Structures are given as C-alpha cells and as structure tokens.
2 protein chains.
Amino acid sequence: MTATDSEPEPVRQDASRFRAVLGMVGDKWSLLVVCNLEEGPRRFSELKRSVDGISQRMLTATLRNLERDGILTRTVHNVMPPHVSYALTPMGSTLREATLPLLEWSAEHLALIDDARAQYDTRADTRPPSPSGSTPDSR
Amino acid sequence: MTATDSEPEPVRQDASRFRAVLGMVGDKWSLLVVCNLEEGPRRFSELKRSVDGISQRMLTATLRNLERDGILTRTVHNVMPPHVSYALTPMGSTLREATLPLLEWSAEHLALIDDARAQYDTRADTRPPSPSGSTPDSR
DNA sequence: CGGTATCCAACTGGATACTG
DNA sequence: CAGTATCCAGTTGGATACCG
C-alpha cells in the first residue's frame, strides 16, 4: 500500500497482461503454430507445410519467440540430413487451452460480425457526401 | 463433400477463426477499450483518460472498428458541449468473457515467461561469436 | 468535446537468394 | 533439411494541427 494507488480498479492490472499476451500470441502465426503442435512434436518442414502460407522467415521467427517464452522446445537431432523437431511444453499446452473459449466465441459470432459490418457499411454509404476528398485516407 | 478434403483436421478450421479474432482484438488497444466499458457506458474523454497512453487518433479508430463489428454502440447526445457515449453490446460482453481465460493464464504465467526469457537470453549470450556481424538484423 | 487530416518513424511480414 | 541474409512493400501508430 504505497498510498499512491488512485485507481484500485482491476482494469489497470489487465493492461500489462493484455500487452504481454498480445506481444506473445497477437501476431499473425503464433497461435496457428501452437495449434499444429497440439497432437505432438513436429518437424520444421512439417510445420511449414501444414501452417500453409507461412514463409521460412516467419516460421523461424515465430518458433524462436515461442521457444524463448517457454511455450515450446526445439530439439536438434544430429543426423544427415538435419532433423529438428518442435514440441509444446506443458505451459504451451495450457496456453492453447486458454485460447479455446476465444476460438469458440469466434466460431459462434463470425456470421453475426459479418452481418454487423455489412449493416454498418450500408449505413456509412448513405452518409452525406464530403466537399471534395471522399475516401478519408483509407489506411 | 467435394472429395478433395485431404486434411480433415480441425486445425484448418481454426486458421480462419484465429485470423478473424486477431483482426478484431489482436491490435494494441481493442481489448483494453472493451475492458474499460465493462462497468457501463463511458464517454470519449473518459476512455481517453482511463486507457492511458492512447492517442485520439487510435481511440477513434479503435472505437469505430469495434462499432463496425457490433462489439459496442456509439450514442451521440446533441447538447452543448457535445456528448458521445460508448457502451458494450451483448456480443461485446460475451467477447470480453471469452478473453478471461487468456487473461488468467497470463496472470499465472507472466513470471514463468520472464524466467524462460532470461534463461534463453543467457544461453544465447554464451553462443559462439559470429564471423562478422553479431546481432542478426535487430530491426 | 469529439473528432478529422496530414505527415512520418517504426515495425511486420513476404520474396528471394544463399549456407552448413 | 533447416535455417540465415537482404531487400522492400504495406501497415501500424504517434505527434501535431485544425474543425464543427
């Protein structure tokens, strides 16, 4: 109790956790890789094939980050040709389980979101025209 | 059943859902805004103060996207001075609930992850030196 | 008060070529 | 096979100034 906590709300606490979790799995590929390791260890090229669309560069970077965070392990087998396998740690497994509710939510609401977007865009189309430049930046 | 599904695994299905959910809440601010609306409707400037660190530009953009996706509603009160309030929709509330397990996971494992990173970085420091360029890119 | 417009620095991620 | 190196396009997001 340092007497300076003017905001005892839990939202404050959430902020740093959201940063942490988004910094770890908020990127384009991490969760996909984690899911592909769920059934057991896999090799680099297996992952590259099954994640589909990922480049070597991104797969390597994603695996390194997840390894650094203790989500998975990297095992090098010194044979010819080279053989490297990746496997989830116990922590990695619990992470994946923690993402399941969000995944279920997504499955349930994807259609509703599409709907909401279509309605929003339709309403936006009926807005009064701008003086000169129409599309505002479009970024 | 187009007979061409060579991969009946559910991972395939997850991919598009992860994209969808990350496209919606995987950015820097969305989840923070959603959390701040949990206790009830709030005004633009209240949100700007309580999210702390967010710029007008990003708060506006974040709110627009969440509104478009049906996560929250925007209500304009035509008084002087202007008054706009934002509130979670039922869908927004369920979204927030779906993120709770991930938040709890984060709270439980933050220290472990820091630990894993420190160990990884220590091991990386003991690696044999590269021929010329040491830090690989570091962009 | 609640935005919009503009500019710009930093980061993400894809394509390609090369290495042990 | 499993990376690493380089280059480059596209996007994110902050600072600032201005508007209804």
Side-chain angles (χ1 to χ4, degrees), chain A residues 19 22-33 41-67 72-87 124 127-139, chain B residues 18-19 22-33 41-67 72-86 124 127-139:
Chain A
R19 310 276 177 188
L22 289 176
M24 244 187 316
V25 299
D27 62 282
K28 210 172 169 183
W29 303 109
S30 292
L31 289 179
L32 247 31
V33 168
R42 306 196 68 173
R43 298 180 51 174
F44 185 87
S45 41
E46 285 183 294
L47 286 171
K48 187 162 187 311
R49 262 187 302 275
S50 70
V51 174
D52 189 80
I54 197 170
S55 58
Q56 288 125 326
R57 186 162 128 57
M58 288 318 295
L59 182 54
T60 304
T62 302
L63 290 168
R64 283 293 187 285
N65 287 331
L66 292 174
E67 184 196 3
L72 53 80
T73 59
R74 176 174 182 267
T75 310
V76 182
H77 308 268
N78 271 318
V79 295
M80 254 318 263
H83 186 126
V84 181
S85 66
Y86 296 87
R127 280 186 312 189
S130 305
S132 52
S134 43
T135 45
D137 222 9
S138 83
R139 303 177 19 138
Chain B
F18 274 137
R19 311 274 178 191
L22 288 176
M24 241 187 318
V25 300
D27 62 281
K28 209 170 168 184
W29 303 109
S30 292
L31 289 180
L32 247 29
V33 168
R42 306 194 68 174
R43 299 179 52 172
F44 186 88
S45 40
E46 285 183 296
L47 287 172
K48 186 161 188 313
R49 261 187 302 276
S50 70
V51 174
D52 189 78
I54 196 169
S55 59
Q56 286 129 327
R57 187 161 127 58
M58 288 318 296
L59 182 54
T60 304
T62 302
L63 289 169
R64 282 294 186 285
N65 287 332
L66 292 173
E67 184 195 3
L72 52 79
T73 59
R74 176 173 181 266
T75 310
V76 182
H77 309 268
N78 271 318
V79 295
M80 253 319 263
H83 187 127
V84 181
S85 65
Y86 296 87
R127 279 186 314 190
S130 305
S132 52
S134 43
T135 46
D137 222 8
S138 83
R139 334 183 316 157

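Letters go in sequence order (proteins before strands), and every chain restarts at 1. Computed from a predicted structure; not experimentally measured.
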Nearest whole Å is fine: how far is dC1(C) P from Leu47(B) CG?
14 Å
Take the protein atom CD of Gln56(A) and the nucleotide atom C1' of dT19(C), then report the distance between them rounded to whole Å.
12 Å
Distance check needed: dA15(D) C1' versus Met58(B) CE, whole Å only.
13 Å
Nearest listed nucleotide, side chain of Ser55(A), among dT4(D), dG14(C), dT4(C):
dG14(C)
Any side-chain N or O of Arg74(A) under 4.0 Å from OP1/OP2 of dA2(D)?
no
Between C1' on dA2(D) and CZ on Arg42(A), what's the gap in Å once rounded to a whole number?
16 Å
Side chain to side chain donor-acceptor pair (under 3.5 Å) partners for Arg74(A), two or more places apart:
Tyr86(A)
Would you say dT4(D) has OP1 or OP2 under 4.0 Å from some side-chain N or O of Arg64(A)?
yes
What's the closest nucleotide to the side chain of Pro82(B) if the choices are dC1(C), dA2(D), dT16(D)?
dC1(C)
Using side chain to side chain donor-acceptor pair (under 3.5 Å) as the criterion, list what pairs up with Arg49(B), not counting sequence neighbours.
none
Could you state the CG-C1' distance from Asp27(A) to dG14(C), rounded to the nearest angstrom?
15 Å
Sequence neighbours excluded, the answer for side chain to side chain donor-acceptor pair (under 3.5 Å) partners of Arg43(A) is His83(A)
End-to-end axis angle, where each axis spans five pairs of the helix from dC1(C)-dG20(D) to dG20(C)-dC1(D), to 10°
40°
Picking from dG13(C), dG13(D), dG3(D), which would you name as closest to the side chain of Lys28(B)?
dG13(D)
Write down the distance between CE (Met80(B)) and P (dG20(D)), rounded to a whole number of angstrom.
14 Å
Tell me whether Arg19(B) forms a cation-pi arrangement with Trp29(A), defined as NZ or CZ under 6.0 Å from the six-membered ring centre and within 45 degrees of its axis.
yes
Atom-to-atom span, CG of Leu63(B) to P of dG3(C) - whole angstrom
8 Å
Residue whose nearest DNA chain D nucleotide is more 5′ - Pro81(A) or Thr60(A):
Pro81(A)
Taking only the side-chain nitrogens and oxygens of Arg43(A), find out if one of them lies under 4.0 Å from OP1 or OP2 of dC1(D).
no
With the side chain defined as heavy atoms from C-beta on, Arg57(A) is closest, among dC1(D), dG2(C), dG13(C), to dG13(C)
Spacing of His83(B) atom NE2 relative to dC1(C) atom C1', expressed in whole Å
10 Å
Residues at least two apart in sequence or cross-chain that pass side-chain contact (heavy atoms from CB on, under 4.5 Å) with Ala87(A), listed by chain then number, are Pro41(A), Thr73(A)
Pairing residues for Asn65(A) by the side chain to side chain donor-acceptor pair (under 3.5 Å) criterion, not counting sequence neighbours
none
Any side-chain heavy-atom pair of Ser55(A) and Lys48(A) under 4.5 Å:
no
